[in-house]
There are 2 protein chains.
Amino acid sequence: MGGDHGPAVTLPACKAFLAAHPQAELMLVGRAKALAAAAGWPRCTIVEASEVVEMHDPLEVSLRRKKDSSMRIAIGLVKPDATGTAIAQACVSAGNTGALMALSRYVLKTLEGIDRPAIASVMPNERDGYTTVLDLGANVDCTADHLLQFAVMGSALVSAVEGKANPSVGLLNIGEEAIKGSEAVRDAATLLRAAAASGQLNFHGNVEGNDIFKGTTDIVVCDGFVGNVMLKSAEGLASMLSSFIKQEFKRNVLTKMAAIVALPVLNHFKARVDYRRYNGAALLGLRGLVFKSHGSADAFAFEQALNRAYDAARNGLLARVHDKILGALAAIPPTEATAALINASQAADTTLSA
Amino acid sequence: MGGDHGPAVTLPACKAFLAAHPQAELMLVGRAKALAAAAGWPRCTIVEASEVVEMHDPLEVSLRRKKDSSMRIAIGLVKPDATGTAIAQACVSAGNTGALMALSRYVLKTLEGIDRPAIASVMPNERDGYTTVLDLGANVDCTADHLLQFAVMGSALVSAVEGKANPSVGLLNIGEEAIKGSEAVRDAATLLRAAAASGQLNFHGNVEGNDIFKGTTDIVVCDGFVGNVMLKSAEGLASMLSSFIKQEFKRNVLTKMAAIVALPVLNHFKARVDYRRYNGAALLGLRGLVFKSHGSADAFAFEQALNRAYDAARNGLLARVHDKILGALAAIPPTEATAALINASQAADTTLSA
């Protein structure tokens with residue numbers, strides 16, 4: 001039901017997705033009337049919901065008032081029961097991001113060892129591949145522990161969706177030297193090195209903003225504030241350059257003729273950097289798979305989000321995140337703060353027993 | 001002496017600058033031999049220095065060991081004497097950024113009311129103008145007070161260099177709603193609104209990453225970590241897109257022919273987004289004007305940095321920053337923390353006198 005266009009976009013995307021994946025099954029959650037066109041589709045069930053979270057609804061409304069919203073019901077479908085099985089394996093929404101994150105946290109809860117879920121998405125890079133970046137805006141003011149958890153979740157995502165056994169992780173910083181950056185980032189580097197030393201992670205070291213587009217590492221980890229600014233700045237720059245190039249080709253009769261000649265090349269270029277191909281951000285760290293499509297997605301873009309969710313579910317992303325995070329936490333020596341606490345409590349015990 | 005190319009680039013830039021500005025005078029600081037070509041130029045003095053800060057020198061070396069470096073001497077030339085006058089009005093360097101900032105802070109000190117200097121530079125925007133962004137990497141972990149100081153310094157810079165009487169300021173955040181963002185950013189919004197209410201600033205409100213390239217506000221204020229990641233990501237994205245477009249036009253004979261036809265249009269586009277035009281970052285908040293050119297600048301780019309420094313000096317940037325910061329600080333009600341301190345001290349006074 002969600003996104004700027006609703007079923008007008010999501011239904012054609014679902015139809016194309018079903019045709020491309022003969023093993024896949026879809027459950028469409030929403031108002032029966034809006035989804036009527038899908039009645040009778042093979043491998044497709046319609047789940048009725050009486051309410052819809054609107055793009056401008058405050059969190060309060062989506063969490064407390066609209067208890068029968070399509071978003072809430074869809075998230076509920078991926079929640080495991082007492083035996084650990086869920087009705088659906090992944091949930092995809094183009095709706096309100098804040099509501100999707102809040103409802104997912106409320107309905108699904110976070111995985112063991114994860115304090116905060118993160119939003120991960122891919123950006124194109126010069127190697128004609130993707131760089132997975134997280135967090136893109138779910139968390140501001142992250143601690144070193146959070147950044148470590150993001151690294152582990154990002155590694156699990158890339159190994160599940162892209163089939164890379166040991167993807168490399170870069171820590172976003174403002175210089176390659178270890179002394180640079182904020183305290184949280186410097187401490188995160190220490191934790192990441194410890195996790196790498198024990199074989200739990202493939203930590204490359206610090207990376208800078210340009211490394212995202214160079215493709216220096218498979219994964220780039222950062223605070224949600226920094227990630228969100230980076231993502232939106234990149235979108236803004238790409239949109240400015242695209243509008244400039246259009247203006248230049250429309251300048252006069254000669255440039256318009258040049259545009260006709262250059263059109264096939266420009267279209268090829270456009271397809272290569274088409275942001276729609278990267279649609280489908282993962283909400284990682286929850287006890288269920290939830291993917292977020294851009295609200296403005298068209299049918300092609302929404303289908304990519306369905307593909308990403310499908311690949312993640314097929315390749316056991318949930319179990320991978322779970323195993324990886326427990327492995328990483330076990331491998332990391334207690335932080336200084338924890339060590340101090342342990343010492344203090346031992347000292348107290350000694351005093352008490354003496 | 002600085003930058004990747006040294007006098008091979010800086011000398012031709014200086015020559016062109018002198019020719020373009022008949023009122024300007026230059027002092028070239030460096031090894032006499034390296035600057036010999038400039039001997040005898042009108043309105044140009046050579047100041048000898050026996051040492052040079054190298055691009056890879058650790059801070060320690062530039063601060064403590066190379067006391068006769070060209071960088072240190074050049075900065076010293078803009079330091080006001082006891083009567084408030086300096087030998088030169090602005091210093092421009094293409095050298096090591098960390099050394100330039102550290103030496104500038106050490107030699108010049110910060111202005112009254114400024115805790116930390118910031119690095120400000122311009123980015124192109126869709127309105128065919130510039131957006132001034134600061135801080136671009138001098139400070140990580142900024143407080144609300146620092147962000148307010150950046151806003152004031154940025155306003156002074158834009159009014160001095162671009163002649164805008166009351167430039168608008170946006171606070172970089174991850175959503176337009178006031179409740180979003182980290183604590184420091186939320187508190188900064190409160191301070192900025194207070195400064196705006198008293199007429200000291202033209203505060204637009206929160207902006208997002210894409211607003212930098214849309215040109216929503218004249219100035220965008222952020223933490224140096226966020227600013228540096230944004231800047232380098234934008235450079236990385238632009239470089240990726242540029243290499244992709246070249247690859248597309250080189251794909252085969254037909255695309256190469258298309259490239260010849262499209263070349264004038266592409267060159268016009270390239271000139272429009274030419275990053276060299278934006279060269280010359282200001283180190284703001286010091287008791288003297290210091291500008292930083294990109295290390296990889298060519299003569300055209302270095303001349304732009306000279307132009308920016310010249311405009312800033314001519315239009316009294318230093319006095320503007322000084323006046324604006326004192327005005328803004330006077331206009332802002334004490335923060336809660338300050339208020340609590342005042343209350344506590346009053347309570348203590350009452351207790352003592354009773």
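Heavy atoms only: backbone and side chains are in, while hydrogens, waters and symmetry mates are out. Per chain, numbering begins at 1; letters A, B, ... match sequence-line order.
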Peer 1: Which pairs count as ring-ring contact (aromatic ring centres under 6.0 Å, His included) when at least one residue sits in residues 218-250 of chain A, sequence neighbours excluded?
Peer 2: none
Peer 1: What are the residues of residues 274-283 of chain B, in order of number, with any heavy atom under 4.5 angstrom from a heavy atom of chain A?
Peer 2: none
Peer 1: With rounding to the nearest 0.5 angstrom, report the OG to CG distance, B:Ser182 to A:Asn139.
Peer 2: 12.5 Å
Peer 1: Quick one: CD1 on B:Ile174 to CG on A:Leu231, what's the gap to the nearest 0.5 Å?
Peer 2: 11.0 Å
Peer 1: Top residue by heavy-atom pair count (under 4.5 Å) with chain A, among B:Asn210, B:Leu237, B:Asn228?
Peer 2: B:Leu237
Peer 1: Side chain from CB out, backbone as N, CA, C, O: work out which of these in A:Thr255 comes under 4.5 Å of a heavy atom of chain B, or both, or neither.
Peer 2: both
Peer 1: If every non-hydrogen atom of A:Ala258 is compared with every non-hydrogen atom of B:Val265, which pair is closest and at what distance?
Peer 2: CB-CG2, 4.1 Å
Peer 1: To the nearest 0.5 Å, how far apart are CZ in A:Arg251 and NE2 in B:His268?
Peer 2: 4.5 Å
Peer 1: Listed by chain and number, what are the side chain to side chain contact (heavy atoms under 4.5 Å, CB included) partners of A:Thr190, not counting sequence neighbours?
Peer 2: A:Arg193
Peer 1: Pick from B:Gly137, B:Ala259, B:Ala238, B:Pro124: which one has the most heavy-atom pairs with chain A under 4.5 Å?
Peer 2: B:Pro124
Peer 1: Measure B:Ile245 against the heavy atoms of chain A and call it side chain, backbone, both or neither at under 4.5 Å.
Peer 2: both
Peer 1: Using every non-hydrogen atom in the two residues, find where A:Val229 and B:Asn173 come nearest and quote the distance to one decimal.
Peer 2: CG2-O, 4.4 Å
Peer 1: Is the shortest side-chain heavy-atom distance between A:Arg272 and B:Glu248 below 4.5 Å?
Peer 2: yes
Peer 1: Locate the shortest heavy-atom distance separating A:Ser233 from B:Gly209; write the atom from each residue and the value.
Peer 2: OG-CA, 3.4 Å
Peer 1: Would you sort out whether B:Phe213 and A:Leu241 count as a side chain to side chain contact (heavy atoms under 4.5 Å, CB included), showing the intermediate values?
Peer 2: CA-CA 9 Å; B:Phe213 299 98; A:Leu241 293 176; over 6 Å; no
Peer 1: Report, one line per pair, each donor and acceptor closer than 3.5 Å where one atom sits in a side chain of residues 93-100 of chain A; sequence neighbours left out.
Peer 2:
{"residue": "A:Ser93", "atom": "OG", "partner": "A:Gly95", "partner atom": "N", "Å": "2.9"}
{"residue": "A:Asn96", "atom": "OD1", "partner": "A:Gly98", "partner atom": "N", "Å": "3.2"}
{"residue": "A:Asn96", "atom": "OD1", "partner": "A:Ala99", "partner atom": "N", "Å": "3.1"}
{"residue": "A:Asn96", "atom": "ND2", "partner": "A:Glu54", "partner atom": "O", "Å": "3.4"}
{"residue": "A:Asn96", "atom": "ND2", "partner": "A:Met55", "partner atom": "O", "Å": "3.0"}
{"residue": "A:Asn96", "atom": "ND2", "partner": "A:Asp57", "partner atom": "O", "Å": "3.4"}

Peer 1: Is it the backbone or the side chain of A:Val140 that comes under 4.5 Å from a heavy atom of chain B, or both, or neither?
Peer 2: side chain
Peer 1: Of all of B:Asn125, B:Val185, B:Ile212, which one pairs up most often with chain A through heavy atoms under 4.5 Å apart?
Peer 2: B:Asn125
Peer 1: Quiz question: by atom type and distance under 3.5 Å, do the side chains of A:Glu126 and B:Ser239 form a donor-acceptor pair?
Peer 2: yes
Peer 1: Contact part of B:Pro264 toward chain A, heavy-atom cut-off under 4.5 Å: side chain, backbone, both or neither?
Peer 2: neither
Peer 1: Counting heavy-atom pairs closer than 4.5 Å to chain A, which one of B:Gln247, B:Met123, B:Glu235 comes out on top?
Peer 2: B:Gln247
